[in-house]
Amino acid sequence: MRATVRRAATAVAVLALLLTGCSGGDDGRDPDGTIRLRFQSLAWQKESVDANKQLVKEWNAAHPDVQVEYVQGSWDSVHDQLLTSFEGGEAPDIIHDASDDLADFAYGGYLADLRPLLPTRLKADIPEQSWRTTTFGDGIHGVPFLQEPRVLIANTKLLKASGARIPTPERPWSWEEFRQVTKKLTGKGRYGIAWPLKEPVSVTLNLGLSGGGRLFHRDGDGKAVLRFEPGDGVVTGTIHDQVNTDGSAARSALGMGGSDALPGFFGGKYAMLPLGFSYRQQIIQQAPEGFDWTILPMPAGAGGAVQGVSPQTLSVAEESPHKKEAVAFIDFLLRPANMVRLARGDWMLPTGTEALADPSLRSAEHGWAVGTALAEGLRPAPAQAVRGYPEWKDKVATPAYQEFYSGAIDTDELSKRLVEDGNRVLARYQR
């Protein structure tokens with residue numbers, strides 16, 4: 001009986017495949033000539049999903065000959081899912097991802113080089129420093145469109161009571177001043193700060209630029225190499241000392257994600273949290289009535305008021321038969337007014353200069369003005385175009401940073417593991 005059911009199911013599946021093959025050509029067109037594109041979006045907040053779906057609806061209404069299907073993806077599994085779809089010849093035409101996830105796909109030939117397809121308006125509207133995040137070799141393999149600085153979210157009442165100087169984007173705290181402020185904010189049952197470092201690598205590398213560190217360098221042959229220099233110890237040393245020397249940072253928070261730390265922040269256990277700009281939405285939704293909070297810039301060191309970012313990106317699959325139409329849809333999504341809608345939906349900053357100038361993104365309300373003031377200090381993340389970075393991050397850097405911040409290893413051991421073990425990983429990808 002079961003064999004009969006299996007044979008029947010197989011027959012149905014084969015028939016479905018045959019019917020699918022007859023429903024349109026191999027070039028993604030329906031029998032009537034309509035082009036069908038699949039757009040895989042990683043939007044997850046309701047406002048963002050709604051904005052993306054509405055823009056797809058508007059495109060489809062205006063372009064009956066080029067119809068776009070919205071496909072929901074997930075940040076949690078996107079790398080493996082895309083790799084599987086590329087290798088299986090089933091990749092979506094338009095791909096939403098982040099720039100630090102593109103290197104292996106770009107060098108592997110899975111993503112189209114967009115240079116001959118990008119409209120002049122779109123290319124000119126996004127600054128060159130943002131385009132560098134999606135440039136691999138000689139090709140541009142994605143359009144960077146949303147970016148997120150890290151900011152300090154502070155309990156206004158506790159900050160004012162401490163008597164500390166209130167930093168501004170024009171005059172942020174130094175890392176040493178920041179350390180002293182967190183000491184002042186520490187009291188009975190309260191820590192000056194909590195560092196949610198469940199995923200410590202990107203936070204450390206991106207903030208490390210302000211201390212003058214890079215960690216990733218290029219040798220004379222253009223190959224990526226790791227070196228731990230004095231500037232690389234500024235941010236790592238500050239966090240380590242806040243946790244292990246000053247007692248001003250909560251040790252228990254090191255294994256948390258950003259959302260995990262919010263209840264303690266609302267309850268007065270932590271006076272400040274360093275979080276991505278988009279966390280403002282969760283705070284608005286979850287903060288108890290009357291809770292007063294403010295947005296502050298991250299500290300700055302010898303490297304200046306800069307930090308690395310890995311913008312969200314839109315790419316086109318190399319195997320897509322309709323690259324020109326796919327780029328036309330991306331251009332529509334990223335018209336300045338639409339880019340503003342996407343930025344507000346995700347509570348992030350647009351990369352486009354015209355969208356960034358929109359008055360709705362420069363309001364003092366909810367810290368928008370602080371965020372837009374930080375935009376010019378955003379730089380490509382240090383490991384942006386490094387092949388092998390995902391493996392180095394997972395197998396070498398994450399455990400090393402976690403042990404260092406908890407006090408289990410010292411700076412020398414951290415440096416040795418990041419550099420010696422890390423260079424062995426990178427070498428395998430650059431033979």
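Index from 1, following the sequence.
- In E229, the CD atom is crowded: over 12 heavy atoms of neighbouring residues, nucleotides or ligands sit closer than 6.0 Å.
- How far CD1 of I295 is from CD of E365: 12.0 Å, rounded to the nearest 0.5 Å.
- Side-chain contact between F216 and L205 is present, with at least one heavy-atom pair separated by less than 4.5 Å.
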Evaluate T34 against Q67 for side-chain hydrogen bond (donor to acceptor under 3.5 Å, both in side chains), listing each step before the verdict.
CA-CA 7 Å; T34 302; Q67 294 290 284; over 6 Å; no

For D125 and T353: C-alpha separation, side-chain torsions, deciding distance, then whether side-chain hydrogen bond (donor to acceptor under 3.5 Å, both in side chains) applies.
CA-CA 6 Å; D125 187 48; T353 53; 3.1 Å; yes

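- In terms of heavy atoms, A51 sits closest to L342 at CB-CD2, 4.4 Å.
- Shortest non-hydrogen contact noted between G345 and E47 is O-CB, 3.5 Å.
- Looking only at side-chain heavy atoms (C-beta outward), D358 and P336 stay at 4.5 Å or farther from each other.
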Let's go through T351 and M339 carefully: what are the C-alpha distance in whole Å and the side-chain angles of both, what is the deciding distance for side chain to side chain contact (heavy atoms under 4.5 Å, CB included) to 0.1 Å, and is it a yes or a no?
CA-CA 9 Å; T351 57; M339 198 185 278; 4.3 Å; yes

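- Taking CZ of R227 as the reference point, atom CZ of R214 lies at 10.5 Å (rounded to 0.5 Å).
- In this structure, the separation between CG on D219 and CD on Q430 is 7.5 Å, given to the nearest 0.5 Å.
- When the shell of 6.0 Å around CD of E354 is examined, it contains 12 or fewer heavy atoms from other residues, nucleotides or ligands.
- In this structure the side chain of E58 reaches within 4.5 angstrom of the side chain of F332, judged on heavy atoms.
- For the atom pair OH (Y70) and CG (N60), the distance works out to 13.5 Å, reported to the nearest 0.5 Å.
- The backbone N or O of V66 sits nowhere less than 3.5 Å from a side-chain atom of E325 that would complete a donor-acceptor pair.
- Counting heavy atoms of neighbouring residues, nucleotides and ligands inside a 6.0 Å radius, atom CD of E90 does not exceed 12 of them.
- The minimum heavy-atom distance between A375 and L356, with the atom names listed, is CB-CD2, 3.6 Å.
- Relative orientation of the H366 and W293 rings is parallel, given thresholds of 30° and 60° on the angle between their planes.
- Judged by a 6.0 Å distance limit and a 45° cone about the ring axis, R280 is positioned over the six-membered ring of F277.
- Judged by distance alone, with hydrogens and angles left aside, the side-chain atoms of Q129 form a donor-acceptor pair with the main-chain N or O of L378 at under 3.5 Å.
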Could you please spell out the steps behind the side chain to side chain contact (heavy atoms under 4.5 Å, CB included) verdict for K395 and V425?
CA-CA 9 Å; K395 295 183 178 180; V425 171; 5.8 Å; no

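- In the displayed structure, D138 atom CG is contacted under 6.0 Å by at most 12 heavy atoms of other residues, nucleotides or ligands.
- Formation of a donor-acceptor pair under 3.5 Å by the R38 side chain with backbone atoms of A91 is found in this model.
- K323 places a side-chain N or O within donor-acceptor distance of the main-chain N or O of E318, the cut-off being under 3.5 Å.
- For NZ of K198, the number of neighbouring non-hydrogen atoms (other residues, nucleotides, ligands) closer than 6.0 Å is 12 at most.
- Here the side chain of D113 pairs no donor or acceptor atom with the backbone of G139 at under 3.5 angstrom.
- Between L374 and M298, every side-chain heavy-atom pair lies at or beyond the 4.5 Å cut-off.
- Note on ring orientation: taking the six-membered ring where Trp is involved, the planes of Y405 and Y401 are parallel (angle under 30°, cut-offs 30° and 60°).
- With L102 as the fixed residue, the side chain to side chain contact (heavy atoms under 4.5 Å, CB included) test singles out one of I95, L82, T134: T134.
- Applying the 6.0 Å contact sphere to CZ of R171 captures no more than 12 heavy atoms from other residues, nucleotides or ligands.
- For the residue pair P382 and L209, the shortest heavy atom distance occurs at CG-CD2, 3.8 Å.
- Between F86 and Y110, the ring planes lie parallel to each other; the angle is under 30°, not in the 30° to 60° tilted range.
- How far CG of L334 is from CG of L314: 5.5 Å, rounded to the nearest 0.5 Å.
- The ring of F136 has its center no closer than 6.0 angstrom to the ring center of F105.
- Taking the centre of each ring, H96 and W75 come in below the 6.0 Å mark.
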Go through the steps for Y429 and E391 under the test side chain to side chain contact (heavy atoms under 4.5 Å, CB included), then give the verdict.
CA-CA 10 Å; Y429 288 82; E391 182 179 341; 2.6 Å; yes

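- Under the 30°/60° scheme for interplanar angles, the aromatic rings of W368 and W347 are found to lie parallel.
- With S315 contributing its side chain and H141 its backbone, the two residues share a donor-acceptor pair below 3.5 Å.
- With respect to K123 and E128, a salt bridge is recorded, a charged nitrogen being found less than 4.0 Å from a carboxylate O.
- Side-chain contact annotation: D346 with S278, donor-acceptor N/O pair under 3.5 Å absent.
- Closest non-hydrogen pair, S41 versus A43, comes out as OG-N, 3.1 Å.
- Residues V201 and W392 are in side-chain contact: their nearest non-hydrogen atoms beyond the backbone lie under 4.5 Å apart.
- With S363 contributing its side chain and P359 its backbone, the two residues share no donor-acceptor pair below 3.5 Å.
- Residues L262 and L275 meet the side-chain proximity criterion, which asks for heavy atoms closer than 4.5 Å.
- A donor-acceptor pair is defined here as one N or O able to donate and one able to accept, closer than 3.5 Å; such a pair exists between the side chain of N423 and the backbone of L226.
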Begin from the C-alpha positions of N52 and F39 and carry the test side chain to side chain contact (heavy atoms under 4.5 Å, CB included) through to its verdict.
CA-CA 10 Å; N52 277 273; F39 164 42; 3.7 Å; yes

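- Judged by distance alone, the side chain of H63 and the main-chain N or O of W59 form a donor-acceptor pair under 3.5 Å.
- When all heavy atoms are compared, the tightest approach of L296 to V370 is C-CG1, 4.4 Å.
- Using a 4.5 Å cut-off on side-chain heavy atoms (C-beta onward), D232 and T236 make no contact.
- Within the model, atoms CG of L197 and OG1 of T204 stand 6.0 Å from one another, a figure rounded to the nearest 0.5 Å.
- For E148 (side chain) and P311 (main-chain N/O), no donor-acceptor pair under 3.5 Å exists by modelled atom type.
- Residues Q402 and L254 form no side-chain contact, since every pair of their non-hydrogen atoms from C-beta on lies 4.5 Å or further apart.
- In summary, D331 and R121 engage in a salt bridge, as defined by a charged side-chain N under 4.0 Å from a carboxylate O.
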